[in-house]
Protein chains: 4
Amino acid sequence: MVKNVPTSIKDQFLIEKRRNQMVKGAVTLFKAKGFHRTTTREIAEASGFSIGTLYEYIRKKEDVLFLVCDYIYERVKERMGQVLDMEKKSVDCLSDAVRSYFRLMDEMQDEVLVMYQEVKALSRDAQEYVLQKERDMVHMLEVVIGNSLPYSIAEKDLKLVANNIFVHGQMWGFRRWLMQKEFTIEEYTDKQIDLLFQSLNLPERSS
Amino acid sequence: MVKNVPTSIKDQFLIEKRRNQMVKGAVTLFKAKGFHRTTTREIAEASGFSIGTLYEYIRKKEDVLFLVCDYIYERVKERMGQVLDMEKKSVDCLSDAVRSYFRLMDEMQDEVLVMYQEVKALSRDAQEYVLQKERDMVHMLEVVIGNSLPYSIAEKDLKLVANNIFVHGQMWGFRRWLMQKEFTIEEYTDKQIDLLFQSLNLPERSS
Amino acid sequence: MVKNVPTSIKDQFLIEKRRNQMVKGAVTLFKAKGFHRTTTREIAEASGFSIGTLYEYIRKKEDVLFLVCDYIYERVKERMGQVLDMEKKSVDCLSDAVRSYFRLMDEMQDEVLVMYQEVKALSRDAQEYVLQKERDMVHMLEVVIGNSLPYSIAEKDLKLVANNIFVHGQMWGFRRWLMQKEFTIEEYTDKQIDLLFQSLNLPERSS
Amino acid sequence: MVKNVPTSIKDQFLIEKRRNQMVKGAVTLFKAKGFHRTTTREIAEASGFSIGTLYEYIRKKEDVLFLVCDYIYERVKERMGQVLDMEKKSVDCLSDAVRSYFRLMDEMQDEVLVMYQEVKALSRDAQEYVLQKERDMVHMLEVVIGNSLPYSIAEKDLKLVANNIFVHGQMWGFRRWLMQKEFTIEEYTDKQIDLLFQSLNLPERSS
DNA sequence: AATGAATGAGGTTTCATTCAT
DNA sequence: AATGAATGAAACCTCATTCAT
C-alpha cells in the first residue's frame, strides 16, 4: 500500500529529514506559483540544499508533488484515527469528528489547496494511489457516521453524506476566497454541523 | 464586466467561429493532459488551423484557457437564467433549479473539471474575473433558495446553503471517479435534494 | 529499408538542405571531439542555425549521428554502384573497383573515422540498419570479385576476401596515424591490390 | 614508457588488487553501454567498492579507460612475446604466431571491442601511449614475418603485411556480427593464413 | 487571413568529483 | 583506507511566440 519514492541515499533518518524540508519548501512555492510554474531549482533552494542534493532524494520533479500529497494524507489519517479511536459511539462523536476534521482542513489549508489543484499533474499510478487514500478517508467518515446514528441508514446514503462532509471540509480551503470572507472557521463548522444534523434528523447540538 | 481577448482579425463572425473551434479542441486536450502539458501547436491542430492562425486570434496561450473558462460560465449563467426566469416562487422551483443545475454540470463535466483544475494558471486579473462569475452564479442560487423558502432565513445561512449546492454540483464532475461509480446522475440528484430539503426543513418532495 | 528521421518541417527541399548543413557541421565536430563531447548547441552553431531550428529537423541528438552514418553509406553505395554498372567482367574490373573504393575511403576519411568510432552510440535499431548497409556493401564487393575471377571460388572464401578488402579500405582511414605516415594512397592501393591478386592467384597487373 | 595513474594509496599490493577489480567490472560495463554511458558510480559498484574508494585509486574517470587499454596491450604483448621467444625461424613459426595471436583476439574479444570503440575518449597523451603500444605490437609481427620468409622483402611490404594481419585479428572481434555468423575461429584462422601464405608465395601449409 | 519556419530562453536532469566523517 | 552525502556545471530538449511570405 505504500509507494516509496526511490532515492540513492542510504541513511533512512537523513531521507526523512531532507524530505520534510522539501515538502515544507515545496508547498510554499506550489501555493504561490503552482506546480508547473515552480522550477526544481527553486524547490532545492527553498529546501535549503543544492539542486544536485535534491535529486539525490527524488527521481523526478513529480516525486516532490507526490511527497506533498502523501504528507497531507498521512496527517489527515493520523488525526482522523485519533478521533475514531475514541470508543464512545454517540452523536457527540460525530460532531467531534467533523469538528476535528474541519480544524485540520483549516490548519492544512495551503497543502489541501495545492493538492486539489495539482493532483492531475501526477502520473496515473500516483493518482490512483492518492485516490485510494481519499477513499480510505471517506470510509473513516462513513464509519463514524454509522456508529453515531441512532437508527440504521442505507449504505448509499451513508456514502453520500460522508462525501458531502469530506468535500465541505476541503471547500473551506479551496474556496477560501469565497468562504473565509463570510465566516470564521468556528462559524463555518457550527453551521455545517447544524445543517448536517438537520439533514440526518439528529437532535440539535447543545454546543 | 466583459474581458475581451485582443485579436488582429477584423471579421467578428470569423472570430466567433475560430474561437469556438479553439475552445472545443482545447477542452479535449486540457482534459486529457492538463493546460501546461498541452502545447499551442496541439491546440492549433485540434482546432483545425495552423499555429500562425492561432496567434491571430489570441495573444498568449493563457488566453485559450480564459476563453474556455468564459465559455463554461456563459453556459451555466444562460441555463440558470432560464430556470430563474420562471416566475413561480415555490418549493418546486428550488428542486427544479437544483435539478437543472446538476444536469448541466453532468453535461459539462469535462469543461468543469478542466476549469477546476486549471484556473490557477490564469493571471490574477483573469482569476478575479472568473471568481466574480462564480460569485454571480452562487448568488443566483441564493435568490432561488430565498424565493422558495416559506420562511425567512439569515443571510449567512443562505450563502452557506447556496455554496453547498454549488459545490455539490461541481463535485459530481470533479470527484467523478468516486461518485459516478456509486450513483447515476438521477440518483445523485434525488438524494442530494432530499438531504437539502431535510436540512432546510422543507416537505418531502412528491416526485 | 529507409529509416526516416522524423521532423516537424513540411518543406521536403528545406529538410534536405538543412540536414546537409547539419551533417557537414557535425562531421567536423565529431572528428575533433567525438560524438559525446560535442554538444547539440555546437552542432546547431556549426550548421549555421539556432538550437531551436536544429530540433525542428531532428528529434534527438542521436539522429544527427544517424544522419551522418546514412550519408556515408549513401555515398559509398552510389560510387560502388557506378563501378559495378560497368558491364565488362574482367580482372581489370576488380582492380578498378578496389581502386575506386579505396579512393572514396580516402576522400571520406573523416566521415568513415567518425562512423567507425561512434556507431555504438546509436540505438539498437539504428545500429541494425547501419549493419545492413554494411552487409550490402560487402555484398557488392563479393559480386565484383565473383565476376572478375576466371575460376570458381567457394562462397565462404569469397565472403572472406570481400570482407578483407572492405576493412583494408576503412583501415586507411581509421589507422591513418600508422598507415599514412608510411604510404601515399596510391602506394597503399597498389600494394594492397598486388597482395590481393597474389592471394587470388591472378596475373600481375600491368600498370 | 610506463604511464602510471596516480593514487593516494600506499599499499602497492592493494592498488594492484583494486585496479584488477576495476578493469574487470569496467570492461563488462563498457562493452554493454560504452564508456560515456557508463557512470563512475556503476564502475564502483561493479568493482565491489564505493564511489569514494574508486577515487582513491584513480584521479579521473578517463583513468579507468586507460587502465583497461593498458591491460589489453599488456596481455597481447605477453602472449606475442611467448611465441616470439621460440627461436626456430621457419615458416611454421609465422603460422604459429598468427594462430596464437588470432586465438588471443578471440579470447579477449570484449576487451578489444571496447578499446577499439573508446580510445578516442582518452586524452591526447594517453592516446599517444596506446598508439605506441600498437606500433610495438605490429613491429613484433614484422619481426616474425621477416624471420619466417625464405626470401628478402621490402621494408614497406613487410609493414603492410604486418598491419593487415594485425587488423585481421581485431576484425574478428570488432566485426563479430558479420564474421562470427559465417566462420568458426578455426575456419577463420585457417582461411586467413591460407590467403596470407598465398599472397606471400609461401608453400601451402600441411596441417 | 493564413501559414509554418525560425528562434532562444529556460526547464529538468545527470554525473564527475570532493571532502568530512 | 573506506564511505557516501553533497555539489553545481553543463547537457539535452521543449515550446511559446514572432514574422516573412
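Heavy-atom basis, side chains included; hydrogens, waters and symmetry copies ignored. In what follows, chains are A, B, ... by sequence order, proteins preceding strands, each numbered from 1.
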Legend entry - Letter per nucleotide, 5' to 3', of nucleotides 14-21 of chain F [B base touched, S only sugar-phosphate touched, - untouched; heavy atoms, 4.0 Å]: BSBBB---
Inset, instruction - Give, ordered by number, those residues of residues 9-27 of chain A having at least one heavy-atom distance below 4.0 Å to an atom of DNA chain F; if nothing qualifies, reply none. - result: I9(A), K10(A), D11(A), L14(A), R18(A)
Legend entry - Touch class at under 4.0 angstrom, heavy-atom based, for S8(B) against every strand present: nothing
Legend entry - Pairs meeting criterion ring-ring contact (aromatic ring centres under 6.0 Å, His included) with involvement of residues 40-61 of chain D, two or more places apart: none
Inset, instruction - Quick one: which residue pairs count as a salt bridge (charged side-chain N to carboxylate O under 4.0 Å, His left out) with a foot in residues 22-31 of chain D, not counting sequence neighbours? - result: K31(D)-D110(D)
Inset, instruction - Supply the atom-to-atom distance F35(A) CZ to L29(A) CG, rounded to the nearest 0.5 angstrom. - result: 12.0 Å
Inset, instruction - Would you check if there is a donor-acceptor pair between the side chains of Y116(C) and Q117(D) at a distance under 3.5 Å? - result: no
Inset, instruction - Nearest 0.5 Å please: distance from the OH atom of Y71(B) over to the CE atom of M115(B). - result: 14.0 Å
Inset, instruction - Whole angstrom is fine here: how far is it from NZ in K33(A) over to C1' in dG10(E)? - result: 12 Å
Legend entry - Pair listing, salt bridge (charged side-chain N to carboxylate O under 4.0 Å, His left out) test, anchored in residues 7-20 of chain A, at least two apart: none
Legend entry - Between Y129(D) and D70(D): side-chain donor-acceptor atoms closer than 3.5 Å: yes
Inset, instruction - Check the distance between dA10(F)'s C1' and E42(C)'s CD and give it to me in whole angstrom. - result: 11 Å
Legend entry - Integer-rounded Å distance: dA2(F) C1' and I58(D) CD1: 15 Å
Inset, instruction - Let me know the distance between CG of L54(C) and P of dC13(F), rounded to the nearest Å. - result: 10 Å
Legend entry - N-O pairing of E111(A) and R75(A) below 4.0 Å: no
Inset, instruction - Look up atom CZ in F66(A) and atom CZ in R59(A), then write down how far apart they are to the nearest 0.5 Å. - result: 10.5 Å
Legend entry - E62(A) vs R124(A), salt bridge (Lys or Arg N to Asp or Glu O under 4.0 Å): CA-CA, chis, key distance, verdict: CA-CA 12 Å; E62(A) 199 206 287; R124(A) 278 219 82 72; over 6 Å; no
Inset, instruction - For the residue pair S8(D) and E56(D), confirm or rule out a side-chain donor-acceptor distance under 3.5 Å. - result: yes
Legend entry - Consecutive-pair stems (at least three Watson-Crick or G-U pairs, under 3.5 Å) that include DNA chain E: E:2-21 with F:2-21
